[in-house]
Amino acid sequence: MAATSKEELLNEAAREYKALHEALQGLNEAQMTEVWFGTWSVRDIVAHIAGWHQEMGPALERLARGERPIREGVSYDDVDAWNARFADARRNTAVADVLLELDKTHESFLRAAAAVPDERFQPGKTAWKIVDGNSAHHYREHGEQIRAWRAARGV
């Protein structure tokens, strides 16, 4: 039996999450908090990924219940403002705690994704966009940036 789009997407999310973790492997506190990505450090990148998990997990839970995913009166049009909000909220959080939060939020996000009915996972549809944009695609994008920075810095 061929894998469903949902299975493929969740498997890709798991693979890319592992690759993101590998990109973080061995970085110490000073390296994790060094600002190099605009005004962000690796910790800030990780914090904003966790923030999106926390924000979008409930959207997936609403989808699973057959409700509209986005709460009334909420807009994600200004992605940069949301990114800044998530990073700023954890700016003074210990690296170890931010990494733990990433793991916890990743798990809860994928659990919420798994509860959404398979038929909702068509490429280009809402469930697919929420899951891909906040997992596999997001992990790959930032993992590549972190690996490039590490290569340039020799860390």
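Values below: every heavy atom of this structure, side chains too, minus hydrogens, waters and symmetry copies. All residue numbers in this chain count up from 1 along the given sequence.
Here the straight-line distance linking atom CG of L9 with atom CZ of F121 works out to 6.5 Å at 0.5 Å rounding. Note: E12 CD to S5 OG = 11.5 Å, rounded to the nearest 0.5 Å. A distance of 10.5 Å separates CZ in R111 from NE2 in H106, rounded to the nearest 0.5 Å. Distance check: K129 NZ to D132 CG gives 11.0 Å after rounding to the nearest 0.5 Å. Here the CZ-CD distance, from R153 to Q31, works out to 7.0 Å after rounding to the nearest 0.5 Å. Here N134 contributes atom CG and L110 contributes atom CG; the two are 10.5 Å apart, rounded to the nearest 0.5 Å.
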Check step by step if side chain to side chain contact (heavy atoms under 4.5 Å, CB included) holds for R90 and D97. CA-CA 9 Å; R90 294 157 186 87; D97 292 337; over 6 Å; no
Test side chain to side chain contact (heavy atoms under 4.5 Å, CB included) on I130 and F109; report intermediate values, then the result. CA-CA 10 Å; I130 290 173; F109 180 80; 4.3 Å; yes
Determine, stepwise, if the pair N83 / W52 fulfils side chain to side chain contact (heavy atoms under 4.5 Å, CB included). CA-CA 8 Å; N83 286 342; W52 279 112; 2.6 Å; yes
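Between the side chain of W82 and the backbone N or O of S75, at least one donor-acceptor pair lies under 3.5 Å. Not one N or O on the side chain of K6 forms a donor-acceptor pair closer than 3.5 Å with the backbone of E119. For R150 (side chain) and A23 (main-chain N/O), a donor-acceptor pair under 3.5 Å exists by modelled atom type. Between the side chain of N11 and the backbone N or O of E7 there is at least one donor-acceptor pair closer than 3.5 Å.
A pairwise comparison of heavy atoms in A13 and S135 identifies CB-OG, 3.5 Å as the closest pair. Closest approach of A127 and L60 over heavy atoms only: O-CD2, 4.5 Å. Nearest approach of R43 to R91, heavy atoms of both residues: NH2-O, 2.7 Å. Among all heavy-atom pairs drawn from A112 and G57, the shortest one is CB-O, 3.6 Å. Of all non-hydrogen atoms in H53 and T105, the two that sit nearest each other are ND1-OG1, 2.9 Å.
In the displayed structure, H137 atom NE2 is contacted under 6.0 Å by at most 12 heavy atoms of other residues, nucleotides or ligands.
For R71, the salt bridge (Lys or Arg N to Asp or Glu O under 4.0 Å) criterion is met by E55, not counting sequence neighbours.
The six-membered or imidazole ring of H48 lies near that of H138, with a centre-to-centre distance under 6.0 Å.
Between E22 and K18 a salt bridge is recorded (basic side-chain N to carboxylate O distance below 4.0 Å).
The hydrophobic cluster containing Y17, built from Ile/Leu/Val/Met/Phe/Trp/Tyr side-chain heavy atoms closer than 4.5 Å, also comprises L20, L24, L27, M32, W36, F37, W40, V42, I45, V46, I49, V95, V98, L99, L102, Y139, I146, W149, V155.
Screening residues 58-70 for side-chain hydrogen bond (donor to acceptor under 3.5 Å, both in side chains), with sequence neighbours left out, gives R65-E67, R68-E72.
Side-chain contact between E101 and K104 is absent, with no heavy-atom pair separated by less than 4.5 Å.
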